[in-house]
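Since the structure comes first, as C-alpha cells, the remarks are kept for the end.
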Protein chains: 2
Amino acid sequence: METPSPSLVLDRETKASERPGDHKDELRLWLRLLTCSTLIETEIRNRLREEFKTTLPRFDLMAQLEKSTTGMTVGEVSQRLMVSNGNVTAVVAGLLADGLVDKRAAAQDRRVQVLTLTAQGRKAFKAMAERHEGWIAELFAGLDPTETTQLFRLLGRTKTSLHAAIAQRANGDKA
Amino acid sequence: METPSPSLVLDRETKASERPGDHKDELRLWLRLLTCSTLIETEIRNRLREEFKTTLPRFDLMAQLEKSTTGMTVGEVSQRLMVSNGNVTAVVAGLLADGLVDKRAAAQDRRVQVLTLTAQGRKAFKAMAERHEGWIAELFAGLDPTETTQLFRLLGRTKTSLHAAIAQRANGDKA
DNA sequence: TAAAATTATTTCAGACCTAAAATAATTTCA
DNA sequence: TGAAATTATTTTAGGTCTGAAATAATTTTA
C-alpha cells in the first residue's frame with residue numbers, strides 16, 4: 001500500500017463544518033445504520049420462519065400484547081410498532097385465524113377494539129421470545145459491554161435528534 | 001425523584017456476564033437501533049413522496065445505478081440493496097415505464113440484464129439526491145462531529161459482529 | 001337534542017417484498 | 001458433442017405495508 005498523499009490525509013480529516021453543503025458523512029452514517037438494521041431484521045425473519053413458521057410482524061405484534069396485562073387497542077399497537085392501523089388490522093386477522101389473539105369491542109367505547117393474547121398465544125410467544133433473545137445476543141456478541149453501552153447511549157442521542165428534526169418539519173408545514 | 005436504593009444501582013450496573021441467560025441489554029439495543037432506522041426511513045419515504053412523488057425503493061435503486069458508469073446487472077443491484085431479484089425486477093418495471101431506467105441484455109451473456117439510468121433518470125436523480133443529502137443532515141443535526149464519528153465506528157463494529165454471527169450460523173446449517 | 005366534528009377502525013388500491021418454481025442461457029465435463 | 005449442472009432473471013402466490021376513503025361510534029357545540 002502506498003503512503004497516502006498529504007492532500008488525501010487532509011481531505012479525510014476535513015470536518016463537515018469546513019465543507020459547507022457537504023453532508024457525505026451523515027449519509028454514510030445513515031447507510032451503515034440501515035445496513036445493520038436490515039441484516040438483523042433479515043436474519044430474525046429467516047429464523048422465525050425456519051424455527052417457528054411465523055413472521056416478524058406477527059412476532060412484534062404478539063410482543064406488544066404480551067407486555068400489557070389488560071390488552072391494547074388497535075391504535076395503541078399501531079403507534080408502538082410505528083405501522084399503519086390498516087396493517088395492524090391485517091396482521092391481527094392472521095393471528096385471530098390461528099387462535100393466538102383475541103379481539104373484542106370495549107364495553108365503554110364500542111369504536112375501540114381491544115386485543116389480547118389467548119392462552120395459546122401466550123404459550124407460543126413465550127417459546128419464541130426466549131429463542132429470539134438468544135439470537136439477538138448472538139448477533140451482538142462481537143461487541144464488548146463498553147461498546148454496547150456506548151452504542152446504546154449514542155442511539156439514544158440519535159433518537160432525540162430525529163424526533164427534534166421531525167417535529168420541527170411538522171411544525172413548519174403547519175405554519 | 002427518589003435516591004435509588006443500593007440494590008437498584010447494583011442491578012443497573014450488573015454486567016450481562018454476571019446474569020447468565022439474560023440478554024435484555026442487547027434486546028434493548030436492537031429495539032433502539034430499529035426505532036432509529038424506522039424513524040429515518042419513514043421520514044425519508046414521506047418527503048420523497050411529498051416532494052418528488054416517488055418511493056424509497058425507486059430512489060435507492062436509482063442511487064445504485066448512478067454510482068456505476070457502465071451499468072449494473074439485476075443481480076448486482078439486488079445484492080447491494082439486500083433485496084430479492086424478483087423485487088428488483090418489479091421496481092425496475094416501474095422505472096422503465098417512467099423512462100428513468102434502461103434495461104438491455106448483455107451482448108456477451110444474454111442471461112444478464114444490464115440496467116442504466118437514462119438521461120432523464122440521471123437528471124431526476126440528481127435533483128432528488130441533493131435534497132436527500134440535506135434531509136439526512138437535518139435528521140442527524142443533533143449529534144456533534146465527535147458523536148457522529150463514534151457512532152459510525154461502533155456501527156462498523158456491529159456490522160462485523162453481525163456478519164460473523166450470520167456466517168457462523170450458515171456454516172452450522174451446512175454441517 | 002340534532003347536526004357537525006372528532007375519533008377508531010376497516011377497507012381499498014397499489015406498491016413492496018419474499019421464497020420457491022419456472023424459464024432461459026451458459027458452462028462443465030463425460 | 002450433448003447431457004447435466006450452473007447461473008441469471010422472471011414469474012407466481014402470498015404476506016406486508018401504506019395513504020386515503022369509507023364506515024361506525026362518540027363527543028362537541030350551536
Side-chain angles (χ1 to χ4, degrees), chain A residues 34 37-39 41-62 71-98 100-101 103-115 173, chain B residues 34 37-39 41-62 71-98 100-101 103-115 173:
Chain A
L34 180 60
S37 189
T38 304
L39 282 172
E41 213 174 306
T42 302
E43 190 64 15
I44 297 301
R45 217 179 270 280
N46 288 342
R47 295 185 186 192
L48 282 174
R49 187 182 55 259
E50 287 167 17
E51 293 200 20
F52 296 104
K53 300 194 189 317
T54 192
T55 66
L56 190 52
R58 283 182 189 218
F59 177 80
D60 288 342
L61 204 153
M62 290 175 80
M72 292 174 80
T73 70
V74 170
E76 284 167 351
V77 171
S78 89
Q79 268 204 316
R80 281 306 194 92
L81 297 181
M82 298 193 275
V83 301
S84 67
N85 279 344
N87 185 28
V88 172
T89 299
V91 174
V92 164
L95 293 170
L96 280 171
D98 291 350
L100 300 168
V101 158
K103 177 171 97 167
R104 56 186 60 186
Q108 334 79 286
D109 183 343
R110 280 164 48 225
R111 290 172 303 184
V112 172
Q113 298 290 329
V114 178
L115 307 170
D173 281 357
Chain B
L34 180 60
S37 189
T38 304
L39 282 172
E41 213 175 307
T42 302
E43 190 63 15
I44 297 301
R45 214 179 273 279
N46 288 342
R47 295 185 185 192
L48 282 175
R49 187 182 55 258
E50 286 167 17
E51 293 199 19
F52 297 104
K53 300 191 190 318
T54 192
T55 65
L56 189 52
R58 281 182 190 219
F59 177 80
D60 288 342
L61 204 154
M62 291 175 80
M72 292 175 80
T73 69
V74 171
E76 284 167 351
V77 172
S78 90
Q79 267 205 314
R80 281 307 194 92
L81 297 181
M82 296 194 276
V83 300
S84 67
N85 280 343
N87 185 27
V88 172
T89 298
V91 174
V92 164
L95 294 171
L96 281 171
D98 291 351
L100 300 168
V101 159
K103 177 171 98 169
R104 56 187 58 185
Q108 334 81 284
D109 183 343
R110 281 164 47 225
R111 288 171 305 183
V112 171
Q113 298 289 329
V114 178
L115 306 170
D173 281 357

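Naming: A, B, ... by sequence-line order, numbering from 1 per chain. This is a predicted model, so every value here is computed, not measured.
- Within the 4.0 Å cut-off from OP1 or OP2 of C:dA8, not a single side-chain nitrogen or oxygen of A:Thr73 is found.
- When the nucleotides C:dC17, D:dT26, D:dT10 are ranked by their closest atom to the side chain of A:Asp109, D:dT26 comes out on top.
- Sequence order on DNA chain C of the closest nucleotides to A:Glu76 and B:Arg58 puts A:Glu76 first from the 5' end.
- Between A:Val74 and A:Val92 there is no side-chain heavy-atom pair separated by less than 4.5 Å.
- Distance A:Leu56 CG to C:dC17 C1': 13 Å, rounded to the nearest Å.
- Summarising the geometry, the separation between CZ on B:Arg104 and C1' on D:dT9 is reported as 18 Å, rounded to the nearest angstrom.
- Out of D:dT16, C:dT26, C:dC16, the shortest distance to the side chain of B:Asn87 is found at C:dC16.
- Of the side-chain N and O atoms in B:Arg45, none sit less than 4.0 angstrom from OP1 or OP2 of D:dT18.
- If you check every strand for non-hydrogen atoms under 4.0 Å, A:Gly86 touches a base.
- Residues B:Thr55 and B:Arg45 fail the side-chain proximity criterion, which asks for heavy atoms closer than 4.5 Å.
- With rounding to whole Å, B:Ile44 atom CD1 is found 16 Å from D:dT18 atom P.
- Put simply, CG on B:Leu48 is 16 Å from P on C:dA15, counting in whole angstrom units.
- Between A:Met62 and A:Leu100, some side-chain heavy-atom pair lies under the 4.5 Å cut-off.
- Taking 4.5 Å as the limit, every side-chain heavy atom of B:Thr89 sits out of range of all side-chain heavy atoms of B:Gln113.
- Look at A:Arg47 and A:Glu43 and you find a salt bridge, because one of the NZ, NE, NH1 or NH2 atoms lies within 4.0 Å of a carboxylate O, short of that distance.
- The phosphate of C:dA24 (OP1 or OP2) has no side-chain N or O of B:Arg110 nearer than 4.0 angstrom.
- You'll find a donor-acceptor pair under 3.5 Å spanning the side chain of A:Arg111 and the base of C:dT7, going by distance alone.
- Side-chain nitrogen and oxygen atoms of B:Lys103 include at least one within less than 4.0 Å of the OP1 or OP2 phosphate oxygen of D:dT10.
- Residue A:Lys53 contributes atom NZ, which lies 11 Å from atom P of C:dA20 at whole-angstrom precision.
- Note: CZ (B:Phe59) to P (C:dA15) measures 20 Å, nearest angstrom.
- Residue-to-nucleotide proximity on DNA chain C shows that, of A:Val74 and A:Thr42, the 5′-proximal contact is made by A:Val74.
- Using a 4.0 Å heavy-atom criterion, one finds that A:Asn46 contacts the sugar-phosphate atoms exclusively.
- Proximity note for A:Val83 (side chain, C-beta onward) versus C:dA15, C:dT9, D:dT18: the nearest is D:dT18.
- Following rounding to the nearest Å, A:Gln108 (CD) and D:dT27 (P) show an atom-to-atom distance of 10 Å.
- D:dT12 atom P lies 16 Å from atom CG of B:Asn85, rounded to whole Å.
- Looking at heavy-atom distances under 4.0 Å, B:Ser84 makes contact with a base.
- Residues A:Lys103 and A:Leu95 are not in side-chain contact: their nearest non-hydrogen atoms beyond the backbone lie 4.5 Å or more apart.
- Between C:dT9, C:dT26, C:dC16, one nucleotide has an atom nearer to the side chain of B:Pro57 than all others, and that is C:dC16.
- With distances taken from any side-chain atom of B:Thr89 to the nucleotides C:dA15, D:dT11, C:dT10, the minimum falls on D:dT11.
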